[in-house]
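All values reported here derive from a predicted model rather than from experimental measurement.
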Amino acid sequence: MDNFILADNQEITREGLVSLLKKNKPGAVIAFASSREELQRELKLNPASVVVLDYTLFDFSSVDQMLNMIAWAEMSAWILFSDELNEAFLRKALYSDDTISVVMKNNKLESIEKALIYASDYERFLCETAESVLKNKTPLQFVQEDNLTATEKVILREIALGKMTKEIAYEKSLSFHTVNTHRRNIFRKLGVNNVHEAIKYAFRAGLIDMMEYYI
């Protein structure tokens, strides 16, 4: 498969991907999509395409909306390529469709190249982060007192349910900046460095239960 659709709204990332494709897939036909509508249009023109998507920068309103498009574009192959893909989001995406590839923007160049090549051959590539999500089926307990505000607990619960910053902002009628500030404060107060650790706390604090997490 030599058709690629770059659904990433970071110009520097697009340029980097184009450079990698020219190196590894000299005959590649490259298209760009900056919105869900444009992506759908490109897939109608070239249904057998590899879609490289940064979900966090795109206008999908939910993971379900993204999965519906993936199911609709049955001849395509998809690579989730981002800086921020939390455990709940990845778990739902990976268990819902076993063809989705995942690579992070901070992964080594070799991994990103492999993801592009694998997907073009309809093979799945999973980076270490995605592999660990599939293996870690039982969240660990996290014991720590907190001084989170009521709003921060609501935001943490939404994060644990797999929602991205932009989704939370939209649903709670808050600005992206406000939600991002809450997110930083939550991490600081809990003394955690990543989403996975924050989700463990959400379980321990009873902000989310197992049934909600695995739906």
Please answer: with hydrophobic residues joined when any side-chain heavy atoms are less than 4.5 Å apart, are [X] and [Y] in the same cluster?
X	Y	answer
V154	L190	no
V29	V51	no
M69	Y95	yes
L39	L45	no
Y170	I155	no

Quick one: [atom1] on [X] to [atom2] on [Y], what's the gap to the nearest 0.5 Å?
X	Y	atom1	atom2	value
K23	L21	NZ	CG	11.5 Å
T165	I159	OG1	CD1	6.5 Å
T151	H182	OG1	NE2	5.5 Å
C127	N106	SG	CG	8.5 Å
S101	I79	OG	CD1	5.5 Å
R188	E152	CZ	CD	7.5 Å

Mutual orientation of the aromatic rings belonging to F125 and Y118 [parallel < 30°, tilted 30-60°, perpendicular > 60°]: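 Perpendicular: the ring planes of F125 and Y118 meet at over 60°.
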Check: [Y] main-chain N/O paired with [X] side-chain donor or acceptor under 3.5 Å:
X	Y	answer
S120	I117	yes
E38	S34	yes
T181	H177	yes
D121	E123	no
N24	L20	yes
Y55	V63	yes
Y122	M75	yes

Contact summary for [X] and [Y], nearest pair of heavy atoms:
X	Y	answer
K189	T149	NZ-CG2, 3.9 Å
I199	A160	CG1-CA, 3.8 Å
R14	L6	O-CD1, 3.9 Å
L156	A198	CD1-O, 3.8 Å
L94	I100	CD2-O, 4.0 Å
L85	M164	CA-CE, 4.0 Å

Between F89 and V195, does the side chain to side chain contact (heavy atoms under 4.5 Å, CB included) criterion hold? Intermediate values first, please. CA-CA 11 Å; F89 170 86; V195 171; over 6 Å; no
Report yes if the side chains of [X] and [Y] come closer than 4.5 Å at any heavy-atom pair, otherwise no.
X	Y	result
L17	F81	yes
L80	M66	yes
I168	L174	no
V179	K172	no
I5	N46	no
F60	L53	yes

Could you walk me through whether V52 and L116 pass the side chain to side chain contact (heavy atoms under 4.5 Å, CB included) test, one step at a time? CA-CA 8 Å; V52 184; L116 293 170; 3.9 Å; yes
For residues 48-71, which residue pairs pass the salt bridge (charged side-chain N to carboxylate O under 4.0 Å, His left out) check, not counting sequence neighbours?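 Residue pairs passing salt bridge (charged side-chain N to carboxylate O under 4.0 Å, His left out), neighbours aside: D54-K105, D64-K92.
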Looking at [X], I want to see if its [atom1] is surrounded by more than 12 non-hydrogen atoms of other residues, nucleotides or ligands under 6.0 Å.
X	atom1	answer
K114	NZ	no
I12	CD1	no
E171	CD	yes
F187	CZ	yes

side-chain hydrogen bond (donor to acceptor under 3.5 Å, both in side chains) partners for S76, two or more places apart: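 So S76 forms a side-chain hydrogen bond (donor to acceptor under 3.5 Å, both in side chains) with W78.
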Quick check on side chain to side chain contact (heavy atoms under 4.5 Å, CB included): which of D83, D8, T13 does L57 satisfy it with?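 Single side chain to side chain contact (heavy atoms under 4.5 Å, CB included) partner of L57 among D83, D8, T13: D8.
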